[in-house]
Each structure stands twice: as C-alpha cells, then as structure tokens.
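Letters go in sequence order (proteins before strands), and every chain restarts at 1.
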Amino acid sequence: MKALQNLFDKLKPNFEKGGKWEKFYTLYEGHRTIAFAPDLTTKAKGAQIKDAVDLKRVMITVVIAMIPALIFGILNVGYQHFLAVGEEVTWVDRALFGAMAVLPTLIVSYAVGLLTEFTFCVIRNHPISEGYLVSGMLIALVMPPFIPLWQVALATIFAVVIGKEVFGGTGMNILNVAMTARAFLYFAYPAQISGDQVWTYLSGETAVDGFSGATALSVAYNAGVEGTQTAVEALNAHNASIGGDFSFMNLFMGWVPGSIGETSTLMALVGAIILIATGVASWKIIVSGFAGAYVMGTVLNLLAVNEYMAIPPQYHWVMGGMAFGLVFMATDPVSAAQTETGKWIYGMLIGVLTVIIRVTNPAYPEGIMLAVLLMNVFAPLIDYYVVKANKTRRLQRATV
Amino acid sequence: MYLLDLGRFSKAHSSKTDMSKIVKLKKGFDLKLVGKANQELADFAPAQTFAIKPTDFIGLQRPKVLVNEGDTVKAGTPIMFDKAMDQVIYTSPVSGQVVEVKRGEKRKLLEIKIQADATITHEDLGKANLASLDRDALVAKIAGSGVWPSIIQRPYGIVANPADTPKAIFVSGFDTNPLAADYGFTLKGDENYFQAGIDALAKLTTGKVHLNLDGANPTPAVFANVKNAEINKFSGPHPAGNVGIQIHHLDPINKGEIAWTVNPYGVVQIGKLLLEGIYDASKVVAVTGSEVTKAAYVKTYTGANVSTFTKGNLNSGHVRVISGNVLSGEKISLDGYIGYYHNQITVIPEGDYEEFLGWIKPTTSKLSFSKALGIFSFLNKGEFKVDTNTHGEERPFVVTGVFEKVLPMDILPTYLFKAIVSEDFDEMEELGLYEIIEEDVALCEFVDPSKNDLQELVRNGIELLMYS
C-alpha cells in the first residue's frame with residue numbers, strides 16, 4: 001500500500017495551488033480518500049475523537065443493501081425472457097442473458113452520473129460527495145430491462161444536474177435523484193418505459209402464443225375496468241398457459257415482469273433488514289409506508305365500486321415496485337421528512353398515495369414513483385409543522 | 001401521542017416524589033474507553049508550575065493583569081480581572097513567583113504562569129459565618145476570592161455576573177463523560193465543605209438549589225446527607241450527567257431567564273472559603289487514556305502543568321494530551337496546563353495516518369454509535385482504544401435522525417444547527433439555543449457522519465445571540 005501512497009504523494013504537487021492540474025484538486029482528493037481513509041485529525045477544541053462512521057460508509061451500506069435486488073433482477077430478466085420465448089434453459093444461461101441486459105444500464109448510469117458529478121465538483125470546486133454511489137445503482141434498478149442506453153444517459157444527466165446540482169449538490173436536493181431520472185423518462189419517452197411491451201426483453205425473438213407482457217398492476221387495473229372476474233382471478237389466470245405466475249406468493253418472490261430491481265418484494269425486504277439493522281434507513285418510513293398502503297387498500301375495499309378496488313390490500317405490497325420504492329427511495333434522508341414525527345406522516349402518506357394513484361388513475365399503473373416525488377415536495381411542509389409544534393411547546397412553557 | 005414520539009417528554013420518564021424528581025433518560029451513548037483511572041493517588045512528581053489561562057473563561061472580554069513577572073503571590077492573591085465585569089477577581093491557585101505573562105498575537109493574553117513554592121501558603125480571606133452575611137456581602141466575598149468563576153450562567157455558559165440573581169442553581173453530582181473522574185474519590189472527606197457551599201448557594205438564588213445525583217449508582221458519601229437542596233436523580237447513558245440536560249428536565253431556561261450552574265468542586269471551594277477563609281485550589285485530577293501507562297488520580301492544584309504526570313508514563317510517543325475529556329476537552333501540549341474547569345487529563349494516540357480502504361473495512365475494534373460500521377460490533381463488549389482521526393471528511397448534513405438519538409432533550413438539533421448556520425436569530429431562539437452549550441452537543445459532534453464541528457457552531461450561535 002506504501003507504493004500507492006507514494007504514487008499519490010508524487011502526483012499531489014500537480015494538483016496543489018500553482019500545479020498544472022490545480023483545477024482538478026477535488027478529483028485527486030476524491031480518489032485518494034477512496035483508497036485511503038484520510039489522515040485528518042480533530043481540532044484543538046471540541047470533540048477530540050470522532051465516530052468511525054462517515055458518509056462513505058453510510059452510502060456503501062445502502063449499495064450493499066441493494067445488491068440482493070440487483071442479483072435477483074439479473075436472474076429475473078433472463079427468466080422472463082426465456083419464459084416468454086418458451087425455451088427451457090439452465091440458470092447459468094438465464095443469468096448470462098440477464099447480465100448482458102442489465103450491466104450495460106448499470107455501467108452507463110454510473111459512468112455518466114459520476115462524470116456529471118465530477119464536472120460539477122471541478123467547476124464549483126467542492127469535494128466529491130458520496131451520494132451518487134447510491135443514486136447510480138438506484139437509477140439502473142428502476143429502469144425497464146431493455147431501455148435504450150442513450151435514454152439512461154440522458155435521464156441520469158437530467159437527474160444529477162436539474163435534480164441535484166442546481167440546488168447545491170448532495171444534501172441540498174429536494175427530489176430523490178433516481179426517481180427524478182425515472183420520472184424524466186416516463187414523461188419524455190413514455191413508449192420505452194410504460195405499456196405492456198417493455199418489461200420483458202425479447203431480444204428480437206418471437207414470444208410464444210398466448211404470451212402477454214402486461215405487469216401485475218395493469219392486469220389488476222384491467223380487471224377493474226372489465227369487471228368480469230375478480231382482480232385475484234385475473235392475476236391467477238394471466239399467462240397461466242405458458243407458465244407465468246401472478247399468484248400472491250410469486251409476486252412476493254418477484255419472478256414477474258417489471259423494472260430491473262423492483263419486482264421482488266422479498267429482496268426489497270432483505271435490503272430493508274440490512275438498512276434497518278445498520279440504522280442507515282428510517283424504519284419509521286418503511287413501516288408507516290406499508291401500513292399506509294394497507295390502510296388505503298382496506299378503505300378502497302370498503303368503497304369498492306370495481307374489482308380492482310376490491311383487491312385484498314396485501315396485494316398492493318407485492319405488486320409493482322412499492323416495496324422497492326418504500327425501502328430504497330422513500331427513505332432517502334435528504335428528500336424525506338427530517339423530523340422523527342414527520343417521518344411517520346411522510347411514510348404513511350406515500351403508502352396511501354401510491355394505492356390511490358394505482359387504483360383510481362388510468363394513466364399511471366404504478367403509483368410509487370409519483371407518490372414519492374409528491375411527498376418529497378411536501379416533506380418540508382410536514383417538517384415545518386413538526387418544528388412549529390416544538391417551538392410552540394417551548395413558548396408555552398415560558399408563559400405558564 | 002407517545003407512540004408517535006412527539007417528544008413532549010423527550011422520551012424521558014420523570015416522576016415526582018415530594019418535590020424532588022427522578023428522571024430516567026434513554027437517549028445518549030456511553031463511550032467505553034481504555035484507560036480509566038484506578039481509584040488510587042499516584043506518586044507522580046508534583047507539578048512545578050501552574051497557569052491561569054484567560055481562554056478557559058468563556059465570555060471573559062477584556063482581561064487586565066494585576067501582577068508582573070517576578071512578583072511573589074500567595075494562593076488567593078488577585079492575578080487578573082475582566083474590565084467588563086470587574087467584581088470578579090481571578091486569583092492565584094498556588095503561592096510562588098509569577099514567571100511569565102504569555103501573550104499571543106495582538107497582545108492577546110494567553111497564560112499567566114506561576115512557579116509554585118514547595119509548601120503552599122494562603123492569603124487570609126477571612127472566615128465567615130453564613131448566617132451573619134447578607135447576600136451582597138456573600139457575593140462580594142465569593143467574587144473576590146477566585147472561586148467565583150466556578151459559577152456559570154445559563155444561557156450562554158459564561159462566567160456568572162454577580163449583579164444577577166438566578167432563578168435556580170444547579171449542581172450535577174456525577175459526570176458521565178468518557179473516563180470522567182469519580183467525585184466519590186476526588187471529593188472524599190469534603191462533606192462539610194460541600195454542605196457549607198450548598199448553604200451559601202441557597203442564599204444566592206431566589207429559587208432552589210438542585211443537586212442532581214446518579215440514579216443508577218450508589219451515592220458517594222460527599223453527597224449522601226446534603227440538606228438545603230433539592231435532590232434529583234437522573235439515570236441513563238451519557239449525557240445524563242450534563243447539567244444542561246438536567247436543567248431541561250427540571251426547570252428549563254426560557255428567554256430572559258437566568259440560571260446558574262456550579263460543579264461539585266466549585267461548591268466545595270465555596271465551602272472552604274467560608275469555613276477556612278482561604279482560596280484552596282487543591283484538586284484531585286484523573287490521569288486517564290489509553291496512552292498512559294499508569295492511569296490514576298493525582299493530587300495537585302488548579303492549572304497544573306501536566307508534564308510531570310506524563311513523563312515516563314506514556315505507552316507511545318505520538319500522542320495528544322487533552323485537558324478534560326475526549327468529547328468536549330481541549331488539546332494541550334505535553335507540557336501544557338490543565339484548564340480551570342477540568343479535573344481530568346486524557347492521553348490518546350494522534351490519528352494523523354491514512355488507512356487503506358479504512359472507510360469500508362469491516363471491523364469490530366473501532367468505536368461507533370452507528371451499527372453501519374459493523375453489525376457485529378455488539379460482539380465487542382470491551383473498552384475501545386480511540387485516536388484523534390476524524391474517520392472521514394466534512395460533508396453537508398445528509399443523514400437525519402442520528403443527533404436526536406444522543407440528545408435527550410425536546411430540541412430538534414438538526415434544525416437548530418441549520419438555524420445557526422444561516423444566522424437566523426429568531427429560529428435560534430425559538431429552537432432552544434438558550435438551553436444548550438457546547439458540552440450538550442458534544443455527542444452530536446462525535447456521532448455526526450458528516451463530521452461537522454458542531455460545538456464550535458453552537459458557540460458561534462451563542463455569541464451571535466449574546467452580542468446582538
């Protein structure tokens with residue numbers, strides 16, 4: 001390791017004031033601190049020791065928590081493909097196929113995002129922050145499996161620049177960066193990110209007879225529109241002839257079409273366990289989010305005027321990307337509510353809104369994306385009232 | 001309501017028995033470090049020089065030195081005063097000769113050093129019968145003796161103004177800071193002085209004198225039979241022993257109110273002043289930390305030079321000597337002086353090294369409040385060896401909800417810090433800056449993954465409010 005340290009030391013003068021790459025000091029520093037935890041010490045006054053955790057550690061923990069979803073996503077992309085084209089293949093083939101579809105998206109997301117981030121750091125001369133480690137992975141996981149790579153790149157640039165950097169960079173953004181990327185594509189290029197045709201990567205081959213690329217959410221929605229059978233019956237019947245399976249259990253497991261990382265509720269829960277056990281994400285948001293969805297699902301059951309409204313509320317937990325969104329997107333500490341009381345309200349409303357958007361809105365089969373973005377916008381308002389309550393308590397104390 | 005953590009009681013359960021309170025705090029963090037002082041007096045060579053450092057006294061504005069180099073002084077001889085508050089006299093802790101009046105840039109007064117005599121002689125300040133002194137005479141007596149700076153004013157955490165009358169006086173009878181000295185040991189045998197000090201304090205306030213004791217451990221003899229004070233019990237992790245936290249749960253400070261705090265050592269000194277008529281600055285100091293070979297107590301005087309306590313007593317060469325504890329103390333040099341308010345020095349390794357992939361390596365040997373460092377860190381039940389490395393660089397506030405876990409007060413720390421950063425005076429007031437000083441947010445600073453210097457920030461905010 002001494003050699004690497006020496007290399008950095010040798011390069012350092014070039015990046016320091018007066019050096020030929022002075023402007024790029026932040027890049028030098030960023031890379032050195034990735035290789036080596038820095039040799040900074042505490043100030044003479046104040047805390048003489050500091051906790052061993054830093055933002056890098058926090059962010060890498062979130063990335064680790066997403067790896068189960070990523071691996072599952074790779075396998076599932078392969079699984080869905082060979083299911084649709086009706087070929088019996090080994091898991092190795094499925095994994096290879098999935099990796100070929102998923103990894104380019106992931107690489108483009110990281111490469112383009114980091115390049116954008118570095119550019120801003122150099123222009124603004126602020127240190128490279130760790131936030132994009134998480135955003136880069138998230139952006140890839142919320143994309144359909146065969147989205148054109150140039151769209152990934154465009155969405156990433158949009159999200160990093162308009163979603164984050166214009167507000168001042170990491171820690172200052174109002175909207176979740178990855179959700180911003182997805183929303184950008186959703187409204188700019190809807191053909192590639194919505195409908196029934198984009199969730200299963202056919203790779204030019206022809207699907208078997210009877211195959212439908214619809215997701216569970218649109219099957220359930222259509223059941224509500226048609227009204228000929230219950231939503232659960234419609235789900236169970238979907239693609240049954242070719243071995244597709246929209247049973248509750250399989251929706252929970254995640255062997256269904258959808259965005260790369262979002263299909264498996266199980267893998268989202270594995271991530272949730274990692275995030276909660278390490279204390280990185282707020283369990284309050286996750287728990288209240290699931291509770292909000294269940295409560296809203298139950299309320300719709302009571303009002304049910306169509307079959308979709310009558311679907312058992314727990315189906316909302318396992319269909320679409322709700323679990324993934326609640327665990328990894330809603331809990332983004334920067335764009336979520338920041339007070340502890342606010343987190344309960346924020347999570348709860350995301351759950352409620354997701355179900356409302358899903359069931360009552362014909363244009364958007366999935367509600368979690370818009371629910372998270374909407375609540376991102378309202379989070380400061382929730383916090384405002386929680387903070388105000390705190391101030392009022394202090395004021396009342398003074399006057400009694 | 002409670003389930004939603006509305007924070008009305010800040011998760012503290014308090015119950016009233018008669019008048020005194022029992023408060024159980026849940027939030028906070030106990031740092032278990034290597035190098036706790038054994039309960040014995042070590043035979044280190046006695047310190048030769050002692051120093052008064054004006055920088056120890058927060059709020060001291062225009063110090064005026066009353067002695068010259070070469071003057072001989074006794075313990076209790078006036079050394080300096082603050083032209084902005086001239087009743088309060090700072091006196092010499094020992095008898096001997098003034099050897100240096102050290103000034104820094106712009107002639108800023110840094111240290112007044114005194115070479116101590118072999119045996120200490122005291123100025124006769126006159127014994128006093130408390131019953132026959134009226135409040136003004138008592139204030140004048142304490143203010144002129146050198147003990148007064150032990151009395152701290154809240155809000156702001158500055159030396160109290162003798163012209164004020166506080167609504168209450170608070171004494172914390174235990175210290176939950178890392179490796180803190182044990183008052184049961186350092187104040188052994190001072191029962192009468194402590195009681196006399198409490199009686200004097202009771203005369204200074206129109207309200208109550210609160211003595212707050214450790215509810216989880218046996219009460220030391222020095223506090224066991226104290227009268228004339230309200231006894232409250234606090235239990236829970238650090239910062240349960242911080243007087244600021246205790247005030248918040250007993251009788252919080254609102255805008256326009258003034259309360260005073262005194263540490264138990266200061267109370268004993270006030271008692272000695274009245275009963276013996278002397279300024280006795282003798283002090284038992286804990287020598288602690290992973291880098292001292294022998295961690296023990298030493299009997300010396302306020303402002304002692306630490307070099308004799310560390311000489312031949314260090315495990316390694318590259319160390320930092322801290323006057324006070326690791327959370328809110330101050331770095332001093334190997335031959336620096338203990339601060340006026342400190343009864344502890346801590347010696348730990350300097351952390352100016354790079355660590356390969358240090359931010360991602362799994363480990364159980366690093367101290368962290370967060371479980372993100374190692375889910376298995378609970379396996380390490382032992383004591384941690386810590387150094388001064390920051391373990392990361394400064395970043396904007398990103399993670400939320402961490403400060404709240406280590407500040408057992410109904411205060412929203414992140415919002416308060418942001419109000420200070422943006423210099424929003426109304427917000428600072430409304431969010432509770434009157435209730436905290438540096439030491440109360442020391443744990444927040446320690447746990448902050450974004451490595452902000454929050455104690456400095458809080459002091460800046462207080463100064464904005466004070467001088468606005």
Between B:Phe397, B:Phe446, B:Tyr353, the one whose heavy-atom pairs under 4.5 Å with chain A are most numerous: B:Phe446
Side-chain heavy-atom pair [X], [Y] within 4.5 angstrom cut-off:
{"X": "B:His391", "Y": "A:Asp51", "value": "no"}
{"X": "B:Ile411", "Y": "A:Arg394", "value": "yes"}
{"X": "B:Glu354", "Y": "A:Pro38", "value": "no"}
{"X": "A:Val53", "Y": "B:Phe369", "value": "no"}
{"X": "B:Asn254", "Y": "A:Arg397", "value": "yes"}
{"X": "B:Glu394", "Y": "A:Pro127", "value": "no"}
{"X": "B:Leu431", "Y": "A:Lys391", "value": "yes"}
{"X": "A:Lys50", "Y": "B:Val386", "value": "no"}

Output yes when [X] and [Y] qualify as a salt bridge under the 4.0 Å nitrogen-oxygen rule, no when they do not.
{"X": "B:Asp410", "Y": "A:Arg393", "answer": "yes"}
{"X": "B:Glu404", "Y": "A:Lys284", "answer": "no"}
{"X": "B:Glu438", "Y": "A:Lys45", "answer": "no"}
{"X": "B:Glu456", "Y": "A:Lys43", "answer": "yes"}

Could you check B:Tyr415 against A:Asn390 for side-chain hydrogen bond (donor to acceptor under 3.5 Å, both in side chains), going step by step and ending with a plain yes or no? CA-CA 11 Å; B:Tyr415 283 86; A:Asn390 179 279; over 6 Å; no
Which bit of [X] is near chain B, if near means a heavy-atom gap under 4.5 Å: side chain, backbone, both or neither?
{"X": "A:Ile60", "value": "side chain"}
{"X": "A:Ile345", "value": "neither"}
{"X": "A:Val280", "value": "side chain"}
{"X": "A:Ser282", "value": "neither"}
{"X": "A:Ile128", "value": "backbone"}

What is the distance from atom CG of A:Asp332 to atom OG1 of B:Thr400, rounded to the nearest 0.5 Å?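 Those atoms lie 9.0 Å apart.
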side-chain hydrogen bond (donor to acceptor under 3.5 Å, both in side chains) evaluation trace for B:Ser370 with A:Arg57: CA-CA 10 Å; B:Ser370 161; A:Arg57 184 72 175 214; over 6 Å; no
Using non-hydrogen atoms and a limit below 4.5 Å, what part of residues 168-179 of chain A faces chain B?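 Interface residues of residues 168-179 of chain A: A:Thr170, A:Gly171, A:Met172.
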Would you please name every residue forming a ring pair (Phe, Tyr, Trp, His ring centres under 6.0 Å) with B:Phe356, sequence neighbours left out?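 For B:Phe356 the ring pair (Phe, Tyr, Trp, His ring centres under 6.0 Å) partners, ignoring immediate neighbours, are A:Phe36.
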